[in-house]
Q: 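Structure incoming, see below.
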Amino acid sequence: MPPAANRKEKLRHERPPTQIQKASRRIKCAAHWLPVPPLLLLQVCISLHIFMSDPSAVGASESPLTLYDLEEKQIRRNQKMMTAIAGIVYVNKHLLCHLIHYLRLSHHLIVLNYIICTFDKLKSVSSEDLTITDAVFDGVEVRIFEPPRKRDEQLKRSVVYIHGGGWALASARTSLYHNLCRIMAESLNAVVVSVEYRLVPEVCFPEQFHDALRATKHFLQPDVLAEYSVDPSRIAISGDSAGGNLAAAVCQQLSKDEHLTVRPKLQALIYPVLQAFDFNTPSYQQNMNMPVLPRYVMINYWIDYFNGNYDLAHSLLINNHTALDVGEALSFRGRLNWTSLLPSSFKKNYKPLIQTTGRAEIIQEIPALLDVRAVPLLADNETLQMQPKTYILTCENDVLRDDGVMYAKRLENAGVEVTLDHFDDCFHGCMIFTIWPTDFSAGVQTRNSYIKWLDENL
């Protein structure tokens, strides 16, 4: 007769899967591309269904239970309860934020960011191998991750990182970005400077750009680099989403600064938002209702960034601001012609939306829509030629996919060495989702590819 342990293992494999096990497998298969909101809602619905319809899932059983059975069921019960709670919190925090905004008690973005940061404090992972300090660079707060110095090592490489969040959310101090920068510093043995720029609605464009530029220029000073033992010839500027926007804009501005003695060697942009000229590119059409970043949410982020009026959202959505009769936009049209900049596999059967007549007053009200400091994809070829070696990561399930692909093509046409790292099965924001309960394989996959490129090129 086999030992008890072997009998237990055999029984475990012979048992038919329960509803929660089947559901968990389906969720696990979908987790690499499903963003947080639908995934959590799906888990909430599954949890509630099982609690209502499957008594065995909550402890009832027609046969005697072993200690192993009880422990396994309790673990499953706790996991379902935590998932349900997380989903309910996620949904209700958005309703709460908009209710508070409607009642004029506070701006909904302030409330949302407060909730994010409050819940986020529980997730940060510390490191005994790094020195992590907060500092101020030319009036801008930064968080610095320094690996320990090695005996034979002279100088370290470095990454200036600018976090995402629609210019309005998150922080260099939240666990999502703290952990990303920690892993970067450890994996690359590099000094990582994470920029804590001011957010909407406290400030609007161009202040976020100015904060990122000031902090970066301060760090690039030879005496500051020497203080942190950084090799001035091995510095990268990087960021994700809105942070990728700021990183690209900062790189362009630095390339025009004749007085700068130290310049970045690389730029690495993670699913960057780079233009507000055309909200009907193939990726905007294909992913218009994709969770995490639907098209209307991205348009609202732009409006908030520019301190504009939400009444303009529909006109922006149908490209009324860049119609053929809007004179200010005509000179930029050739720089963002996706029919020539995108490969056929991305264009598919989508058609451009070009309005014959539009609303010129939109550009007059929000001139920043055509300001290259806000929309780096519209930069002229002379500026693009001066950009450093570039890495751009894009995801198929993302309205911003084509922003990154078009920028890669324009840089390549300008003679810049570019690596376009495209992921067919990933979604916007996935790289920061590597900590439970949002630990997706897509996050680890994209993060590893990004760090690998930095390691090989910085």
Side-chain angles (χ1 to χ4, degrees), residues 32-33 159 161-162 164 180 184 188 236-252 255 264-275 277-278 281-287 290 293 298 335-348 350 372 375-379 381 383-432 442-458:
H32 72 284
W33 68 269
V159 179
Y161 194 85
I162 309 173
L180 173 61
M184 288 167 57
L188 299 170
I237 297 180
S238 183
D240 66 295
S241 193
N245 168 282
L246 294 171
V250 165
C251 256
Q252 290 184 7
S255 69
K265 179 183 180 181
L266 310 171
Q267 67 172 334
L269 313 177
I270 315 303
Y271 31 77
V273 50
L274 298 170
Q275 59 90 23
F277 191 92
D278 186 354
T281 62
S283 61
Y284 264 113
Q285 294 185 55
Q286 171 183 297
N287 301 301
M290 185 63 64
L293 192 63
M298 189 62 247
R335 302 177 189 178
L336 204 154
N337 180 8
W338 62 256
T339 61
S340 62
L341 292 172
L342 295 178
S344 57
S345 59
F346 286 176
K347 288 186 288 189
K348 300 178 182 176
Y350 293 107
V372 294
V375 286
L377 185 51
L378 297 186
N381 288 331
T383 300
L384 296 185
Q385 290 172 1
M386 298 187 289
Q387 298 315 295
K389 187 175 182 179
T390 301
Y391 169 92
I392 299 177
L393 186 150
T394 57
C395 298
E396 182 66 21
N397 304 298
D398 182 6
V399 294
L400 301 179
R401 179 199 68 187
D402 295 345
D403 285 26
V405 177
M406 288 190 288
Y407 196 48
K409 186 62 176 177
R410 287 204 64 206
L411 287 170
E412 186 180 83
N413 291 343
V416 177
E417 185 177 349
V418 181
T419 297
L420 178 62
D421 199 5
H422 181 69
F423 290 83
D424 286 324
D425 57 351
C426 294
F427 56 91
H428 186 82
C430 62
M431 184 181 288
I432 59 174
V444 176
Q445 181 185 5
T446 51
R447 185 189 68 195
N448 290 348
S449 184
Y450 161 67
I451 291 178
K452 181 175 183 289
W453 185 88
L454 285 175
D455 191 32
E456 293 173 350
N457 291 276
L458 185 56

Q: Measuring from atom NE2 of His428 to atom CE of Met290, what distance do you get when rounded to the nearest 0.5 angstrom?
A: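 If we round to the nearest 0.5 Å, His428:NE2 and Met290:CE are 12.5 Å apart.
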Q: Measure the spacing between CD of Glu412 and OG1 of Thr390 and express it to the nearest 0.5 Å.
A: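 OG1 of Thr390 is found 11.0 Å from CD of Glu412.
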Q: What's the separation between atom CD in Gln252 and atom CE in Met386, rounded to the nearest 0.5 Å?
A: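 Here the rounded value is 9.0 Å.
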Q: Are the side chains of Gln445 and Asp425 in touch, meaning some heavy atoms are under 4.5 Å apart?
A: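 In contact.
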Q: Can you list everything that forms a side chain to side chain contact (heavy atoms under 4.5 Å, CB included) with Gln385? Sequence neighbours excluded, please.
A: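 For Gln385, the residues satisfying side chain to side chain contact (heavy atoms under 4.5 Å, CB included) (neighbours in sequence not counted) are Ala414.
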Q: Within this structure, what is the CG-OH distance for the pair Asp403 and Tyr271, rounded to the nearest 0.5 Å?
A: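 Those atoms lie 14.5 Å apart.
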Q: Over 60° means perpendicular and under 30° means parallel, so classify the ring planes of Tyr391 and Tyr450, tilted if in between.
A: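 Judged by the thresholds at 30° and 60°, the geometry between Tyr450 and Tyr391 is tilted.
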Q: Using atom types as modelled and distance alone, determine if a side-chain donor or acceptor of Lys347 lies under 3.5 Å from a backbone N or O of Thr339.
A: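 Here the side-chain-to-backbone pair exists.
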Q: How about Trp338 and Asp402: does a side-chain donor come under 3.5 Å of a side-chain acceptor?
A: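 There is no such pair between these side chains.
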Q: Kindly compute the distance separating NZ (Lys409) from CG (Leu341), expressed to the nearest 0.5 Å.
A: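 Taking NZ in Lys409 and CG in Leu341, the distance rounds to 8.0 Å.
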Q: Any salt bridge between Glu396 and Lys348, counting N to O under 4.0 Å?
A: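 A salt bridge links Glu396 with Lys348.
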Q: Can you tell me how far the NE2 atom of His422 sits from the OG1 atom of Thr446, to the nearest 0.5 Å?
A: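 Here the rounded value is 12.5 Å.
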Q: Test Leu411 against every option in Asn381, Leu384, Leu420 by the side chain to side chain contact (heavy atoms under 4.5 Å, CB included) rule and name the one that passes.
A: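 Filter result, single survivor: Leu384.
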Q: Please determine whether side-chain contact (heavy atoms from CB on, under 4.5 Å) holds for the pair Phe427 and Cys395, giving the CA-CA distance in whole Å, both sets of side-chain angles, and the decisive distance to 0.1 Å.
A: CA-CA 5 Å; Phe427 56 91; Cys395 298; 5.6 Å; no
Q: Taking only residues two or more places apart in sequence, or in another chain, which ones meet Tyr284 in a ring pair (Phe, Tyr, Trp, His ring centres under 6.0 Å)?
A: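 Residues passing ring pair (Phe, Tyr, Trp, His ring centres under 6.0 Å) with Tyr284: Phe279.
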Q: Quick one: does Arg335's side chain get under 4.5 Å of Leu377's, heavy atoms only?
A: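 No. Closest side-chain heavy atoms not under 4.5 Å.
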Q: Apply the test side-chain contact (heavy atoms from CB on, under 4.5 Å) to residues Gln275 and Thr281: give CA-CA distance (whole Å), side-chain angles for both, the deciding distance (0.1 Å), then the verdict.
A: CA-CA 11 Å; Gln275 59 90 23; Thr281 62; 4.1 Å; yes
Q: Do you know which two heavy atoms are closest between Cys251 and Pro388, and how far apart they sit?
A: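 Answer, listing the atom of Cys251 first, then Pro388: SG-CG, 4.0 Å.
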